[in-house]
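Reviewing the structure listed below.
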Amino acid sequence: MAKKTSRKPAKKSARKTVAKPLAKSRKGKAAAVKGPAQRVKADTKAAAGAIPRWTPVEVEEAFRRFQAAEPEPKTELHYVNPFTLLVAVVLSAQATDAGVNKATPALFAAADTPEKMAALGEDTVRDLIKTIGLFRTKAKNVVALSQILVAEHGGAVPRSREALEALPGVGRKTANVVLNSAFGEHTIAVDTHIFRVGNRTGLAPGKTPLEVEEQLEKAIPAHYKRHAHHWLILHGRYTCIARKPLCEKCVIADLCKWPGKTTV
Ligand code: SF4
């Protein structure tokens, strides 16, 4: 089966998906622009079952190394309590943590509880977060969710996925981050980095973030689940980056199943 795909389609595919982006990056911008899209195709091969799966021993070893490198990983978003964490995560949608961290000190100085945020009002919140993308919608959501927390949860952030996902601007990923970072639950929030790492490495192939989350839930041993989310985000953000992964400095390079990796 492997030969079939490697004779014609897979060879073409390999050239398109793996060799080209790395080799052609010298040839100019056109190749560089095409690279990531092609690499996504290579990554999705894992979802289609083309990349070998990890054994439990390999998964254990990968997370042992992540833990050795960073025993207590934490979110890079700045926050002072569960409410400000929730707000910071809502603000981070389609924005960088660094960008959110620039705006939140002034916002949280003015309002670090749902009561204060609701009292601050949408216009002021909008003004305080105007450096963040989609700030109009986000300001509306932050004030609305604050009002709901006050009206329905006694001003506290609920420790319940359903209640969190019922808040404006809060989806499964945000709920998972809050449950994990604020309450210590073993949830895995699949963002763009984890989605890429899961598929590219073959650790957790899936066509949707939920599929990747479910695969990670199955694959990762319980004793690593508390921090798995942060280890994978950090790995995707700083090492297994989208355009040109830094395989030379990767601590799981020998375990990774991606055919395009630049080390063995
Ligand atoms: S070897 Fe390369 S592709 Fe594989 S996980 Fe490490 S950085 Fe990512």
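Order of appearance sets the numbers: ligands from 1, and atoms from 1 within every ligand.
- Each protein N, O or S atom less than 2.8 Å from atom 6 (Fe) of ligand 1 was counted, giving 1.
- By the ring pair (Phe, Tyr, Trp, His ring centres under 6.0 Å) test, His235 is found to be paired with Phe66, residues two or more places apart in sequence or in another chain being considered.
- In summary, the atoms of ligand 1 found under 4.0 Å from a heavy atom of Arg200, numbered by their order in the structure, are 3 (S).
- Residues Glu60 and His223 have side chains that bring a donor and an acceptor to within less than 3.5 angstrom of each other.
- With Asn176 contributing its side chain and Val190 its backbone, the two residues share no donor-acceptor pair below 3.5 Å.
- The heavy-atom pair separating His153 from Ala163 by the smallest distance is CE1-CB, 3.8 Å.
- No side-chain donor from either of Asp127 and Thr124 sits under 3.5 Å from a side-chain acceptor of the other.
- No donor-acceptor pair under 3.5 Å is formed between the side chain of Lys116 and the backbone N or O of Ala110.
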